[in-house]
Amino acid sequence: MWKDYSKNYLKNNRASSISIMAAALVATIFLSLLCSIAYNFWAYDVEQIILKEGDWQGRIVCETLGSDELAMICQFANVEKAVINEDLPKKERTVVDVYFKNVRTIYRDMPFIAAQLGLNKDSIQYHSLLLSRYFIHDPEDEEPPMLLALYVVILMIVAVSLILIIRGSFELSMNARIHQFGIFSSIGATPRQIRTCLLQEAAALSIVPMLLGSMLGIFISYGVIKAVNFFAADVSGRHEAVFQYHPSLFAATVFISFLTVICSAWIPARKLSRMTPLEAIRNTNGFLLKKTKHSRMLSHIFGIKGELAGNALKARKKSLRISTLSLLLSFLGFSIMICFTTLAGISTRYTYFERYQDAWDIMITLKNTEISDFGLTDEVQKVSGVQDATVYQKAKTMTFLSEGFQSDELTSLGGLEPVAGTPKRNRQFPVSAPIIVLDDTSFLDFCSQIGITPSLNGAIVLNQIWDSINSNFRDKKYVPFVREDNQATILYKNDKTVEIPILSYTQTTPALREEYDNYTLVHFIPLSMWNQTLGEVCEAESDSYIRILSNGTANLTDLNGLEQEIAQLVSEPYEIESENRIQERLSNDSLIQGMVMILGAFCVLLAMIGIANVFSNTLGFLRQRKREFARYMSIGLTPLEMRSMFCIEALVIAGKPLLITLALTVLFVQFAVTASHLDPMVFWSEVPILPILIFAAAIVLFVALAYYIGGKRLLQCDLNETLRNDAMV
């Protein structure tokens, strides 16, 4: 009986069925897309880590390790293999990479292996970053990464949101049948039978949309990965993402979608089944319009039609809540996203591209190469088209300043924080002293640039510190860091020290694409001095750099040709990464455009959920609205006036999220511009008005379309007959 009833009902009420199927389809697409993209981003992150740091899981570092010890490691039951790493610099130590069959026990097995070899825990290293991507954390870590928890929370939030959205479609369909189920209940149907019937209908309507939505989500995520590769094709140091998918992910997506649909149907089905037969039979499910509910603004603007439209919207306020929220979030997310990317683009242009446009044209990174080992400086200088080339390397070290060594300007601003526990009369102030090692020719040119006698027997100190009290990070003002009467600097590293002479203090920096920390005492030194005295007290970075300025006015074609020529010269003996200024800017613009498109697609999908809910409400309330407008017709309301009511309702549904969004977006932009210390007129002159207007127009158009379809179907019916007929059409 119930099977035949459900079959006939679904056949005769296609509009309601289509709204449910559409809601299930959109929800499943969203879930599938979210799961697939999250999986691909995770897989790409793992690949990136492996490419940069290797796929080792654990390491044993010791003075010497023979073949017997290596064989002993391999004999452990959970060890898959153990190999000596030949790629790392030896430095009189042996490094063994250990791989496990069950990597989840690595934090228990590695200490045991070290103990068997007679080593302490200091000889053990874990590839913590890679292990964390497999959700394996050190049990002794009190604050492990919360990546897995974050994924689960996001998925739960999305699932709960979709339950609320799909629930609206089911509730509309089920509420329209309260009277019928009241009759069934009066003749013996149990609440359990009613719930089972409704859940069976939900499953029958949703199974095909769930499978189709899962497949569409996979195809959309495939397109997203392709779009990411397209827009990030020219990004230096990035490997191409390959779309990946696993059958278990499809099964999980379908299972979560099924649970979402069942929960969405269960909520209204349970509510309906718990009604008594008398309550259900007496319920006509019309709009509960109360005389106390007035729409003053609408009635003032549109008269009686506005009053009636406002009351109808208030009667459906609860069912339209999801539509309003989805449209609001989609438009707000799109507006803030596109304004934020515009603001970020302006900031990047001012602080990076325009700031350093005269400092570099081509940058070559010499991977794992010390400046002392690079022997092609003269050859690079002689390449046709090169105006200037500087080879440099960065290092870190510390120095201590006495209180009297600080400049008067710095002291007046409050000075530095002394080392805790030092006597007041002999206070020492620790200061980071980054080292920039320049090739000898570039250092001599820098000496001439600042007006001192060129020499390779000392350092040049950048004597400036940011006055953060009287300026902001956008427009920094500097004061002298130290007095300029000291002729030497003592650099420290652990217990080792070295004193180097100072040739000069300056507030000018060499033409390098470098951002120096705000509260550091930067030292520029020649390569000759680095080789003689500083290697033991400085922690040098593994890479060196070649900064190249081209001749004349550079364009993309010229820079690409020059970059290829230099890369061909240098890449034979060295591993390099290269980039040029113009291509870097084009790549940055392409990345921003890609980010806008991808995030915009998510906003569009969110808007689709809201619009689908509007369609569900508009078409799903057909029976109730027929009765409502039949009553209006009986007191003299014309079809034209009823169309006007639909237009007013559509205007309110679409206009309310737009007005709220515009106000919130203006507040966000004002806050962001103020926080970034930009001139507001700079942003407002580039504000992306056209995309925002197009997105808003699309929302208004689809909401109007929903009301047009619903209104057309409604006015084609015999509204007078509706007052006497309680059957569904």
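Everything quoted here is computed from the prediction, not taken from an experiment.
For the side-chain hydrogen bond (donor to acceptor under 3.5 Å, both in side chains) test, no residue two or more places apart in sequence or in another chain qualifies with Asn120. By the ring pair (Phe, Tyr, Trp, His ring centres under 6.0 Å) test, Trp466 pairs with no residue at all, sequence neighbours left out. Under the ring pair (Phe, Tyr, Trp, His ring centres under 6.0 Å) criterion, Tyr505 pairs with no residue at all, not counting sequence neighbours. Every residue two or more places apart in sequence or in another chain was checked for a side-chain hydrogen bond (donor to acceptor under 3.5 Å, both in side chains) with Gln670, and none qualifies. Partners of Glu514 by side-chain hydrogen bond (donor to acceptor under 3.5 Å, both in side chains), not counting sequence neighbours, listed by chain and number: Tyr392, Lys394. In this structure, the side-chain contact (heavy atoms from CB on, under 4.5 Å) partners of Ile469, at least two apart in sequence or on a different chain, are Leu413, Asp467. Scored by the ring pair (Phe, Tyr, Trp, His ring centres under 6.0 Å) test, Tyr126 finds Tyr107 as partners (sequence neighbours excluded). With sequence neighbours excluded, the residues that form a ring pair (Phe, Tyr, Trp, His ring centres under 6.0 Å) with Tyr516 are Phe524.
In the displayed structure, Phe340 atom CZ is contacted under 6.0 Å by at most 12 heavy atoms of other residues, nucleotides or ligands.
Residue pairs meeting the salt bridge (Lys or Arg N to Asp or Glu O under 4.0 Å) criterion with at least one partner in residues 516-526, sequence neighbours excluded, are absent. The salt bridge (Lys or Arg N to Asp or Glu O under 4.0 Å) analysis of residues 666-688, with sequence neighbours excluded, yields the pairs Arg349-Glu686. The ring pair (Phe, Tyr, Trp, His ring centres under 6.0 Å) analysis of residues 361-385, with sequence neighbours excluded, yields the pairs Phe374-Tyr574.
Ile692 has its side chain within reach of Phe331: a pair of non-hydrogen atoms, C-beta onward, lies under 4.5 Å apart. Side-chain contact check for Thr341 versus Ile338: some heavy-atom pair is nearer than 4.5 Å. In this structure, Leu376 and Pro573 have side chains that are in contact, with non-hydrogen atoms separated by less than 4.5 Å. Within the 4.5 Å cutoff, side-chain heavy atoms of Lys476 are placed close to those of Asn518. Using a 4.5 Å heavy-atom threshold, the side chains of Ile362 and Ser550 count as separate. Looking at Asp388 and Arg547, their side chains come closer than 4.5 Å, going by heavy atoms from C-beta outward. Within the 4.5 Å cutoff, side-chain heavy atoms of Val461 are placed close to those of His523. Residues Thr390 and Asp439 are in side-chain contact: their nearest non-hydrogen atoms beyond the backbone lie under 4.5 Å apart.
Checking side-chain atoms of Gln381 against main-chain N and O of Val386 turns up no donor-acceptor pair under 3.5 Å. Between the side chain of Ser685 and the main chain of Val682, a donor-acceptor pair closer than 3.5 Å is present. Not a single donor-acceptor pair under 3.5 Å links the side chain of Glu577 to the backbone N or O of Lys367. Remark: side-chain polar atoms of Thr399 are paired, donor with acceptor, to backbone N or O of Ile490 under 3.5 angstrom. Checked by atom type and distance alone, the side chain of Trp42 pairs as donor or acceptor with a backbone atom of Arg133 at under 3.5 Å. One N or O on the side chain of Gln393 and one on the backbone of Glu541 form a donor-acceptor pair closer than 3.5 Å. Within the 3.5 Å criterion, the main-chain N or O of Tyr492 finds a donor-acceptor partner in the side chain of Thr397.
Counting only N and O atoms by type, the side chains of Asn531 and Ser372 include a donor and acceptor under 3.5 Å apart.
Taking every heavy atom of both residues into account, Leu410 and Gln406 meet most closely at CD2-OE1, 3.6 Å. The heavy-atom pair separating Glu499 from Ala488 by the smallest distance is OE2-CB, 3.3 Å. Looking at every heavy atom in both residues, Glu240 comes nearest to Tyr44 through C-CE1, 4.3 Å. The minimum heavy-atom distance between Thr665 and Cys339, with the atom names listed, is CG2-SG, 3.9 Å. Here the closest non-hydrogen pair linking Gln125 and Met110 is O-CE, 4.2 Å. Across Trp530 and Cys538, no two heavy atoms sit closer than the pair CZ3-CB, 3.6 Å.
The side-chain hydrogen bond (donor to acceptor under 3.5 Å, both in side chains) with Asn580 is formed by just one residue from the set Asp558, Asn560, Asp361; it is Asn560. With Ile546 as the partner, the side-chain contact (heavy atoms from CB on, under 4.5 Å) test is satisfied by one option alone out of Leu366, Ile371, Thr365, Ile576: Leu366.
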Under the side-chain contact (heavy atoms from CB on, under 4.5 Å) rule, what do Phe443 and Leu503 come out as? Steps first, then yes or no, please. CA-CA 12 Å; Phe443 186 82; Leu503 296 176; 3.9 Å; yes

Passes side-chain contact (heavy atoms from CB on, under 4.5 Å), Glu575 versus Thr369? Steps please. CA-CA 8 Å; Glu575 179 185 356; Thr369 303; over 6 Å; no

Please lay out, stage by stage, how Trp684 and Val669 fare under the test side-chain contact (heavy atoms from CB on, under 4.5 Å). CA-CA 9 Å; Trp684 291 117; Val669 168; 3.6 Å; yes

Audit row: Arg59, Val95, side-chain contact (heavy atoms from CB on, under 4.5 Å) steps and yes/no: CA-CA 7 Å; Arg59 266 183 182 161; Val95 178; 3.6 Å; yes

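Separating the CG atom in Asp440 from the OG1 atom in Thr377 is a distance of 9.0 Å, to the nearest 0.5 Å. A distance of 13.0 Å separates CD1 of Ile364 from OG of Ser544, quoted to the nearest 0.5 Å. Considering CE of Met363 and OG of Ser578, their distance stands at 11.0 Å, rounded to 0.5 Å. Residue Gln564 holds its CD atom at 13.5 Å from CG of Leu569, rounded to the nearest 0.5 Å. A distance of 11.5 Å separates OG1 in Thr508 from CG in Asn463, rounded to the nearest 0.5 Å. In this structure, Gln57 CD and Tyr134 OH are separated by 8.0 Å, a value rounded to the nearest 0.5 Å.
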Please set out all donor-acceptor pairs under 3.5 angstrom arising from side-chain atoms of residues 449-457, sequence neighbours excluded.
from	atom 1	to	atom 2	distance (Å)
Ser455	OG	Asn457	N	3.2

